[in-house]
Amino acid sequence: MSKKTLPGVTRRQILSFSAASAVLGAAKAANAVSLKGTPVWSPFDNSPPPQIDSDGWVFFSDAEAATVEAIVDRLVPADNLSIGGKEAGCAVFIDRQLAGFYGTFERLYMQGPFQPGTPEQGDQSPLVPQQRYRLGLAALEEYSQSTYKKSFKDLTGEQQDEVLSGLENGKIALDQPTFKHQIDGKLFFAIVLKNTMEGFFADPIYGGNRNMVSWKMLGFPGARYDYREYIAKHNQKLDLEPLSISGGDAWKIAKS
């Protein structure tokens, strides 16, 4: 029987990992290994992070994007500690994720039967994220127009909070018989909230957390691979500038 590999990890990667492990194992235990430059491999390297090279929308239409930007700005409002969700790029993060394999749940088992489950069983919906956003945003627009005669993005902040709270606690239904587009309101709110939080705290390489604003707010040092310089510094405030996965000057070792 042949050995199975992890999903998304190729046989070539397994062989590379094994070879690298053998080399490192042969080194003296007291000698640390320094990696120069960016590692040449990564898990799931057949689907690397999308490069954000423009301000255009990949999945959302302009109208959908405007609604999502309004939502993320209410979920992550600007204050004296941080900028808001829109300025932090949360909507851009969601747009890029929906355009990738997450948007179709490509790596999840999505075969039936689909039926309501218990809270302990988690999400049982047959809808993938792309469908949830497309239906949810359309249904939200229908609700806003029927209730306020305005689009959600044009409502006051208080009205937007009222709608979002209603979706969260189930008091507002987006699956009304009079709506052309229908989706469970709590299901829609849950995925938008989850993705907004991910966009605010994820590495900037994915489109959100612009200028590492949330990391700076929390004092999180980011994607640093080497802390040997700081091991002996106890009870000291280091004030480390956070680094993205894409690297920084601290990743590079000067040549002697």
Side-chain angles (χ1 to χ4, degrees), residues 57 59-61 63-79 82 84-86 88-99 102-202 208 214:
W57 301 104
F59 174 77
F60 291 135
S61 67
E64 290 172 333
T67 300
V68 173
E69 288 184 326
I71 293 174
V72 300
D73 241 12
R74 300 314 299 174
L75 296 178
V76 185
D79 57 20
S82 167
K86 175 182 176 180
C90 293
V92 175
F93 169 86
I94 296 173
D95 177 69
R96 271 40 175 197
Q97 293 302 306
L98 291 175
Y102 168 76
T104 59
F105 273 167
E106 179 181 323
R107 291 174 176 164
L108 297 185
Y109 179 82
M110 290 297 293
Q111 300 301 314
F114 296 103
Q115 57 189 21
T118 66
E120 292 76 18
Q121 291 174 314
D123 186 359
Q124 300 292 313
S125 172
L127 299 176
V128 300
Q130 287 184 351
Q131 296 168 317
R132 299 180 193 206
Y133 272 89
R134 197 123 277 166
L135 291 172
L137 291 172
L140 178 60
E141 177 66 14
E142 289 176 303
Y143 175 83
S144 296
Q145 290 291 351
S146 65
T147 305
Y148 301 98
K149 310 304 179 186
K150 293 181 180 180
S151 294
F152 179 85
K153 67 180 180 61
D154 296 323
L155 301 180
T156 65
E158 291 74 15
Q159 290 173 326
Q160 291 176 343
D161 289 346
E162 181 180 339
V163 173
L164 294 175
S165 296
L167 294 176
E168 182 180 23
N169 58 35
K171 291 183 178 180
I172 293 179
L174 297 182
D175 53 359
Q176 301 178 27
T178 56
F179 286 179
K180 178 181 178 182
H181 303 89
Q182 300 181 8
I183 186 175
D184 180 84
K186 294 184 71 173
L187 177 70
F188 174 63
F189 177 84
I191 192 172
V192 177
L193 175 61
K194 176 176 179 289
N195 294 158
T196 300
M197 294 172 62
E198 291 169 341
F200 190 65
F201 292 108
S214 68

S.K.: Going by side-chain contact (heavy atoms from CB on, under 4.5 Å), Cys90 matches just one of Val72, Leu75, Asp95. Which one?
M.R.: Val72
S.K.: Side chain to side chain contact (heavy atoms under 4.5 Å, CB included) with Phe114: which residues, sequence neighbours excluded?
M.R.: Pro126
S.K.: Check Ala78 against Gly84 and note the closest heavy-atom contact, atom names and distance.
M.R.: CB-N, 3.5 Å
S.K.: Does any N or O in the side chain of Gln182 come within less than 3.5 Å of the main-chain N or O of Gln176, such that one atom is a donor and the other an acceptor?
M.R.: yes
S.K.: Checking Thr196 against Phe93 for the side-chain contact (heavy atoms from CB on, under 4.5 Å) test, could you report, in this order, the C-alpha distance in whole Å, the side-chain angles of both residues, the deciding distance, and whether it holds?
M.R.: CA-CA 8 Å; Thr196 300; Phe93 169 86; over 6 Å; no
S.K.: Show every donor-acceptor pair shorter than 3.5 Å between a side-chain atom in residues 163-173 and any protein atom, with sequence neighbours excluded, or say none if there are none.
M.R.:
from: Ser165; atom 1: OG; to: Asp161; atom 2: O; distance (Å): 2.9
from: Asn169; atom 1: OD1; to: Lys171; atom 2: N; distance (Å): 3.0
from: Asn169; atom 1: ND2; to: Ser165; atom 2: O; distance (Å): 3.0

S.K.: How far apart are the C-alpha atoms of Val68 and Val192, what are their side-chain angles, what is the distance that settles it, and do they pass the side-chain contact (heavy atoms from CB on, under 4.5 Å) test?
M.R.: CA-CA 8 Å; Val68 173; Val192 177; 5.7 Å; no
S.K.: For residues 111-123, which residue pairs pass the salt bridge (charged side-chain N to carboxylate O under 4.0 Å, His left out) check, not counting sequence neighbours?
M.R.: Asp123-Arg132
S.K.: Tell me if a side-chain donor or acceptor on Glu142 pairs with a main-chain N or O of His181 at a distance below 3.5 Å.
M.R.: yes
S.K.: Pairing donors with acceptors under 3.5 angstrom, does anything connect the side chains of Glu141 and Ser151?
M.R.: yes
S.K.: Can you check side-chain contact (heavy atoms from CB on, under 4.5 Å) on Phe105 and Gln131, steps first, answer last?
M.R.: CA-CA 11 Å; Phe105 273 167; Gln131 296 168 317; over 6 Å; no
S.K.: Taking atom CZ of Phe189 and atom CD1 of Ile71, what is their separation to the nearest 0.5 Å?
M.R.: 9.0 Å
S.K.: With sequence neighbours left out, what residues match Glu198 under side chain to side chain donor-acceptor pair (under 3.5 Å)?
M.R.: Lys194, Asn195
S.K.: How close do Asp73 and Gly85 get, heavy atom to heavy atom, and via which atoms?
M.R.: OD1-N, 3.2 Å
S.K.: Locate the shortest heavy-atom distance separating Asp184 from Lys186; write the atom from each residue and the value.
M.R.: OD2-N, 3.2 Å
S.K.: Does Thr67 reach the main-chain N or O of Ala63 with its side chain, forming a donor-acceptor pair under 3.5 Å?
M.R.: yes
S.K.: Which of these, Leu127, Asp175, Leu174, sits in a side-chain contact (heavy atoms from CB on, under 4.5 Å) with Phe188?
M.R.: Leu174
S.K.: Closest heavy-atom contact between Ser125 and Met110?
M.R.: O-CE, 4.0 Å
S.K.: Rounded to the nearest 0.5 Å, how far does CD of Gln115 lie from CD of Gln121?
M.R.: 8.5 Å
S.K.: Excluding sequence neighbours, so at least two apart, what forms ring-ring contact (aromatic ring centres under 6.0 Å, His included) with Phe60?
M.R.: Tyr133
S.K.: Looking at every non-hydrogen atom in both residues, tell me the closest pair between Ser146 and Lys149 and how far apart they are.
M.R.: O-NZ, 3.8 Å
S.K.: Any chance you could measure Lys180, atom NZ, to Leu135, atom CG, to the nearest 0.5 Å?
M.R.: 11.5 Å
S.K.: Quick one: ring-ring contact (aromatic ring centres under 6.0 Å, His included) partners of Phe179, sequence neighbours excluded?
M.R.: none
S.K.: Taking all heavy atoms of Ile183 and all of Gly136, pick out the closest pair and write down the distance.
M.R.: CG2-CA, 3.6 Å
S.K.: Would you give the length of the straight line joining atom CZ of Phe152 to atom CD of Gln159, rounded to the nearest 0.5 angstrom?
M.R.: 10.0 Å
S.K.: Could you walk me through whether Asp154 and Tyr148 satisfy the side-chain contact (heavy atoms from CB on, under 4.5 Å) test, starting with their C-alpha distance in whole Å, then the side-chain angles of each, then the deciding distance to 0.1 Å, before giving a yes or no?
M.R.: CA-CA 10 Å; Asp154 296 323; Tyr148 301 98; over 6 Å; no
S.K.: Identify whether NZ of Lys or CZ of Arg in Arg134 sits under 6.0 Å from the centre of the six-membered ring of Phe59 and within 45° of that ring's axis.
M.R.: yes
